[in-house]
**Q** 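Below is one structure. I have some questions about it.
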Amino acid sequence: MSSKVVFVTGASSGIGRALALEYAHRGARLAIAARREAELVLLRHELERAKARVLVLPLDVRDAAATHEALSRADRDLGALDVVVANAGVSAAGPPGTIAWSDVERVIDVNVKGAICTLVHALPIMMMHGKGHLVGVSSLAGRAGLPQSAIYSASKAALSTYLQSLRVDLRKVGIDVSDVQAGFVRTPMTEGSGFPRPFEWEAPKAARYIVDKLDRRPAVVDFQFPLTALTQLVRVMPRGVYDRLAPIVVRR
Ligand SMILES: NC(=O)c1ccc[n+]([C@@H]2O[C@H](COP(=O)([O-])OP(=O)(O)OC[C@H]3O[C@@H](n4cnc5c(N)ncnc54)[C@H](OP(=O)(O)O)[C@@H]3O)[C@@H](O)[C@H]2O)c1
């Protein structure tokens with residue numbers, strides 16, 4: 001890990017923050033990106049206590065030119081990018097009729113376009129070096145259309161499908177692609193959502209698990225059992241059964 005350069009979006013909070021800390025403890029050099037610079041600076045102090053070399057990159061992943069520049073700068077200043085984690089994400093959930101078009105646009109702009117923008121701009125840099133690992137943080141919510149989470153589920157399904165194609169395309173290029181299909185993790189995104197969050201993990205535990213698994217560069221990192229099994233089951237379940245069961249299981 002000591003030679004690794006890791007770029008994480010959405011590093012100011014939750015899973016991204018915990019991933020940065022976990023990578024730092026394993027000796028990586030870190031580029032940490034998000035919109036809230038003050039949070040990133042606080043994180044940098046923590047990372048530096050773990051002796052990590054850190055680059056703070058205030059960034060809105062909806063800005064393609066800025067995303068390209070941030071990735072190029074990290075590659076230039078820290079050394080060849082090894083791992084790029086497109087983790088930045090937002091949520092929108094609620095009963096039918098409560099999600100405005102602006103919420104839909106926000107979720108698609110960050111979770112789909114922003115994540116893919118990060119990966120698209122990281123790819124040529126990695127191709128230039130002939131190595132690298134592209135990672136997207138999607139969700140188990142992308143495996144099925146969850147009640148009251150239509151646009152969030154759809155955004156994560158889009159990202160997972162994109163990552164699956166990309167992995168196939170890059171198989172012979174020396175660049176790996178992994179899709180982190182996370183279950184429930186306690187973060188500012190989920191706290192106060194009002195949804196039940198069975199088997200929820202704390203962010204440091206999730207980060208430890210993700211980084212351990214990513215080391216082997218798998219197609220998918222998913223957690224937690226039995227949510228992983230349940231969401232697989234939903235894919236083969238008759239639609240009529242799902243329609244009746246899902247609102248009961250995910251009731252607020
Ligand atoms: N927590 C869960 O249970 C769970 C489960 C499955 C998947 N996930 C996914 O995990 C990822 C991290 O979520 P989290 O739970 O850690 O939530 P969080 O604590 O709210 O963190 C979200 C991060 O995304 C950043 N972000 C949001 N919009 C951005 C933008 N336009 N440009 C750059 N950064 C932006 C935020 O930073 P700024 O506000 O500073 O920009 C923040 O650092 C998300 O993709 C989420 O969908 C979470």
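Because only heavy atoms are used, hydrogens play no part in the values below, and waters and symmetry mates are left out as well, while side chains stay in. Counting convention: from 1, in listed order, for ligands and their atoms alike. For clarity, every value in this text was computed on a predicted model and none was experimentally measured.
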**Q** Pick one: which of Arg29, His129, Lys131 meets side-chain hydrogen bond (donor to acceptor under 3.5 Å, both in side chains) with Asp82?
**A**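 Considering Arg29, His129, Lys131, a side-chain hydrogen bond (donor to acceptor under 3.5 Å, both in side chains) with Asp82 is found only for Lys131.
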
**Q** Walk me through whether Glu202 and Val185 qualify under side-chain contact (heavy atoms from CB on, under 4.5 Å).
**A** CA-CA 6 Å; Glu202 297 296 325; Val185 181; over 6 Å; no

**Q** Examine the proximity of ligand 1 to Lys156 and report which part, side chain or backbone, both or neither, has a heavy atom under 4.0 Å away.
**A**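 The answer is the side chain.
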
**Q** Given Ser12, which partner from the list Glu39, Arg36, Glu37 fulfils the side-chain hydrogen bond (donor to acceptor under 3.5 Å, both in side chains) test?
**A**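 Only one of Glu39, Arg36, Glu37 forms a side-chain hydrogen bond (donor to acceptor under 3.5 Å, both in side chains) with Ser12, namely Arg36.
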
**Q** Is there a polar contact between ligand 1 and Ser13, counting only N or O atoms under 3.5 Å apart?
**A**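 Yes, at least one N or O pair falls under 3.5 Å.
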
**Q** Decide whether an N or O pair under 3.5 Å exists between Val110 and ligand 1.
**A**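 No, no N or O pair falls under 3.5 Å.
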
**Q** Any nitrogen or oxygen of Val61, side chain or backbone, less than 3.5 Å from one on ligand 1?
**A** yes

**Q** For ligand 1, which atoms, with element, lie under 4.0 Å from some heavy atom of Tyr152?
**A** 6 (C), 7 (C), 8 (N), 9 (C), 46 (C), 47 (O)

**Q** Hey, mind stepping through Thr9 and Thr118 against side chain to side chain donor-acceptor pair (under 3.5 Å) and telling me if it holds?
**A** CA-CA 8 Å; Thr9 69; Thr118 304; 4.9 Å; no

**Q** Go through ligand 1 atom by atom and flag the ones less than 4.0 Å from a non-hydrogen atom of Pro188.
**A** 19 (O)

**Q** According to a hydrophobic-cluster definition based on side-chain heavy atoms being under 4.5 Å apart (Ile, Leu, Val, Met, Phe, Trp, Tyr only), do Ile108 and Val61 belong together?
**A** yes

**Q** Regarding ligand 1, does Ala182 bring an N or O atom to under 3.5 Å of one of the ligand's N or O atoms?
**A**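 In this structure, Ala182 places no N or O atom under 3.5 Å from an N or O of ligand 1.
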
**Q** Give the numbers and elements of all ligand 1 atoms closer than 4.0 Å to a heavy atom of Thr187.
**A** 1 (N), 14 (P), 15 (O), 16 (O), 17 (O), 19 (O)

